[in-house]
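FYI, side chains are in, hydrogens and waters are out, and symmetry mates aren't considered; it's all heavy atoms of this structure. The chains referred to below are lettered A, B, ... by the order of the sequence lines, with proteins before strands, and numbering in each begins at 1.
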2 protein chains.
Amino acid sequence: MPDLHPTFDGMVRRLERRSPLGEDDRRALKHVQHSLRRVPAGGHIIRDGDRPEYCSLLLSGFAYRYKITGEGARQIISIHMAGEFLDLQNGFLQLADHSVQTLTEAEIALIPSQVIEELALTRPAIGRTLWIDTLIDASIFREWVVNVGRRDSRARVAHILCEFSLRLEAAGLAKGHTYELPMTQEQLADAVGLTSVHVNRVLKQLGEQGLISRDKRRLVIEDWARLRDVGDFNERYLHHDATAMAA
Amino acid sequence: MPDLHPTFDGMVRRLERRSPLGEDDRRALKHVQHSLRRVPAGGHIIRDGDRPEYCSLLLSGFAYRYKITGEGARQIISIHMAGEFLDLQNGFLQLADHSVQTLTEAEIALIPSQVIEELALTRPAIGRTLWIDTLIDASIFREWVVNVGRRDSRARVAHILCEFSLRLEAAGLAKGHTYELPMTQEQLADAVGLTSVHVNRVLKQLGEQGLISRDKRRLVIEDWARLRDVGDFNERYLHHDATAMAA
DNA sequence: CGGTCGTTTGATTACGATCAAACGAAGTGG
DNA sequence: CCACTTCGTTTGATCGTAATCAAACGACCG
């Protein structure tokens, strides 16, 4: 289903929204040395403990990062959509500290770590925007710590649904608080630190109260203001307005 | 109690362990433009929503980052010790998405965001090491998501005690799995997503089972192997061996 | 048409929260 | 120097949210 001639445009557009790029930077990014790979739904891109020599850029589809505890429980750490880097950290850290798996069939570009590093360190505008990208990633991790650490089940689920809505919309993959969420309830549960059974009950309740409605994987946020309230959601941590001026 | 002539040596040593620096880089770091500030215990360094113009470097003492939920609950997001940057992200993102507060009296160096940014973007070796610093920060956040999301109370507490031990030792602030932890049980609870009452019970139990012993704020890990096991602790995420070669 | 995967619902359990109170140490003021 | 307060720790009793266990159902697929 995803396009067979994927481009780097989405990634460049995303980066550019955060920090200005020159025409040469744009060209350098769009023509970075890379190889393409198509990964089936549920396929692994990186495994915890790997020593990857590439950074993966998601060109189409969805993916997520996760860790498994000693007890065998899975915690999903982040969700990624087309245009996002999946493991920029592998450009600088040599051992993967978590795994990355696709949610849907996906196309990824593998960019050698060395190449990413060189781009980031020799072209200030690119370094700046990639750095901001990393920092926003970290900001989302912090919010997730709060979400699983201090919010009750209703709020956790509502919060993540709000986050998805804004991120998908920013990526051009949703509009009007309506989107296709390619995750099972079990995956959702592993993202918010609950069981799938309980997530199911929370979703049902949110539906009954008119905050959302669902049809298969399609989700409509019927009452954004209330869902936002229930989820204690403040979008500041997404830094979507991060139009930081150039130095 | 902290020294009155704090230096940047600790920070430089930390950064250098991760990625090599030239003599000129070292000098540039040690003589960065900055101002000093002394903050009492419990004082705020940054507040959520601030628009800070500086990055703070902790020269002595301890600090932590946190967020408050709509319900008024606090989640501590990270703990910091002398030599660490408290908010490198403020060099590139203009709105603080969380607060930073001291645990003890502390000395901090305020470095203008512009200056940090220029250093990072014009000196590749510095950019590289600061980037790695940011990436390791993010790796710790990810582990904390797992800790609060998927581990039971015993494991959560044990895990964070293990993390502290290794980080303090790496910073030269502890040895032999023995350290002074300047946190109340309530702060510990807010770091692991539990209540202080429950943290107290877990600590008591860990003590009774001979895994740790305590005297005031002094903590001794009596049985590292077992505590590590109970806490499902694998130090890989700390990337202390991140002696990544230069490009 | 059977089989697998994901969703949904029900019944019961348990872990950690909450409420409450006492205790000890350190600091303050009379 | 000693009451008195404050802050943090400790312990006990009870409660409630979400986990667990179990089973049925629906959709999609070969």
Side-chain angles (χ1 to χ4, degrees), chain A residues 1 40-42 64 69 71-76 101 103-105 147-161 180-208 212-219 230, chain B residues 1 40-42 62 64 69 71-76 101-105 147-161 180-208 212-219 230:
Chain A
M1 178 162 304
Y64 65 99
T69 70
E71 303 273 81
R74 175 177 64 174
Q75 176 66 48
I76 291 180
Q101 194 171 15
L103 281 169
T104 62
E105 182 179 38
N147 205 40
V148 296
R150 282 294 183 226
R151 286 198 264 258
D152 67 20
S153 59
R154 244 167 85 79
R156 284 190 214 184
V157 174
H159 191 280
I160 207 172
L161 294 180
E180 202 79 32
L181 187 62
M183 291 175 81
T184 66
Q185 291 178 7
E186 187 167 4
Q187 287 159 343
L188 205 47
D190 285 342
V192 295
L194 298 168
T195 58
S196 62
V197 171
H198 202 68
V199 162
N200 180 274
R201 292 195 229 269
V202 170
L203 287 173
K204 183 186 169 192
Q205 194 203 29
L206 292 175
E208 285 166 357
I212 63 171
S213 63
R214 297 173 290 145
D215 181 39
K216 316 234 179 208
R217 297 285 164 82
R218 185 152 207 84
L219 193 121
V230 166
Chain B
M1 178 159 310
F62 289 84
Y64 65 98
T69 70
E71 303 274 81
R74 175 176 65 175
Q75 176 66 47
I76 291 180
Q101 195 171 15
T102 57
L103 281 168
T104 62
E105 183 179 37
N147 205 38
V148 297
R150 282 293 182 225
R151 286 200 263 258
D152 67 20
S153 59
R154 245 167 84 80
R156 285 191 213 184
V157 173
H159 190 279
I160 206 171
L161 294 180
E180 201 80 31
L181 187 63
M183 291 176 81
T184 65
Q185 291 178 8
E186 187 167 2
Q187 287 159 344
L188 205 47
D190 285 343
V192 295
L194 299 168
T195 59
S196 61
V197 170
H198 202 67
V199 163
N200 181 273
R201 293 195 229 268
V202 171
L203 287 173
K204 183 187 169 191
Q205 195 204 27
L206 293 175
E208 286 167 356
I212 62 171
S213 63
R214 298 174 290 145
D215 179 39
K216 316 234 179 209
R217 297 286 163 81
R218 184 150 208 86
L219 193 121
V230 167

Both A:S196 and B:R217 contact DNA chain D. Taking the nearest nucleotide for each, which residue is further toward the 5' end? B:R217
Is it true that a side-chain atom of B:T102 and a backbone atom of B:E105 form a donor plus acceptor pair closer than 3.5 Å? no
Which letter, B, S or -, goes with each nucleotide of nucleotides 21-30 of chain D from 5' to 3', with contact meaning a protein heavy atom under 4.0 Å? B-----SS--
Examine D:dT10: is either OP1 or OP2 under 4.0 Å from a nitrogen or oxygen in the side chain of B:R214? Give yes or no. yes
May I have the distance from B:D215 (atom CG) to C:dG24 (atom P), rounded to whole angstrom? 16 Å
I need the minimum non-hydrogen distance between A:R74 and A:D190, along with the two atoms involved. NE-OD2, 2.7 Å
Over the length of the helix from C:dC1-D:dG30 to C:dG30-D:dC1, how much do the five-pair end axes diverge, rounded to 10 degrees? 30°
Over 12 foreign heavy atoms within 6.0 Å of CD, B:E208: yes
Taking salt bridge (Lys or Arg N to Asp or Glu O under 4.0 Å) as the definition, give me every residue that meets it alongside B:R218, ordered by chain and number, with sequence neighbours left out. B:E180
Nearest heavy-atom pair of B:A155 and B:N147: which atoms, and what distance? O-OD1, 4.2 Å
Once you round it to whole Å, what is the distance between C1' of C:dA25 and CD of B:Q185? 14 Å
Heavy atoms of B:T104 and B:P182 approach each other most closely as CG2-CB, 3.6 Å
Sequence-distant partners of B:A73, side chain to side chain contact (heavy atoms under 4.5 Å, CB included), two or more places apart: A:R150, B:T69
Upstream residue (5' side of DNA chain C) when A:L203 and A:R150 are each assigned their closest nucleotide: A:L203
What is the distance from CD of A:E186 to C1' of D:dT20, rounded to the nearest Å? 14 Å
Euclidean distance, atom CD of residue A:Q205 to atom P of C:dT9 [Å, nearest integer]: 13 Å
Among C:dG16, D:dT9, D:dA18, the one nearest any side-chain atom of A:L194 is D:dA18
Establish, with yes or no, whether the OP1 or OP2 oxygen of C:dT8 is under 4.0 angstrom from a side-chain nitrogen or oxygen of A:K204. no
For residues 198-205 of chain B, which side-chain donor-acceptor pairs fall under 3.5 Å, sequence neighbours excluded?
residue : atom : partner : partner atom : Å
B:H198  : NE2  : B:S153  : OG           : 3.2
B:N200  : ND2  : B:Q185  : OE1          : 2.9
B:Q205  : OE1  : B:R154  : NH1          : 3.1

Under a 4.0 Å heavy-atom cut-off, which of residues 151-158 of chain B touch DNA chain D? none
Which pair of heavy atoms, one from B:V230 and one from B:A158, lies closest together, and at what distance? CG1-CB, 3.8 Å
Does the B:R151 side chain pair with the main chain of B:R156, one donor and one acceptor, at a distance under 3.5 Å? no
Categorize B:G42 for me: base, sugar-phosphate, or nothing, with a 4.0 angstrom heavy-atom threshold over every strand shown. nothing
Between A:L103 and A:Q187 the two heavy atoms that sit nearest each other are CD2-OE1, 3.3 Å
Sub-3.5 Å donor-acceptor pair from the side chain of A:Q101 to the main-chain atoms of A:Y64, do we have one? no
Would you say B:N200 reaches D:dT10's phosphate, i.e. side-chain N/O to OP1/OP2 under 4.0 Å? yes
Write down the distance between NE2 (A:H198) and P (C:dT8), rounded to a whole number of angstrom. 15 Å
Distance check: side-chain N/O of B:T195 vs OP1/OP2 of C:dG16, anything under 4.0 Å? no
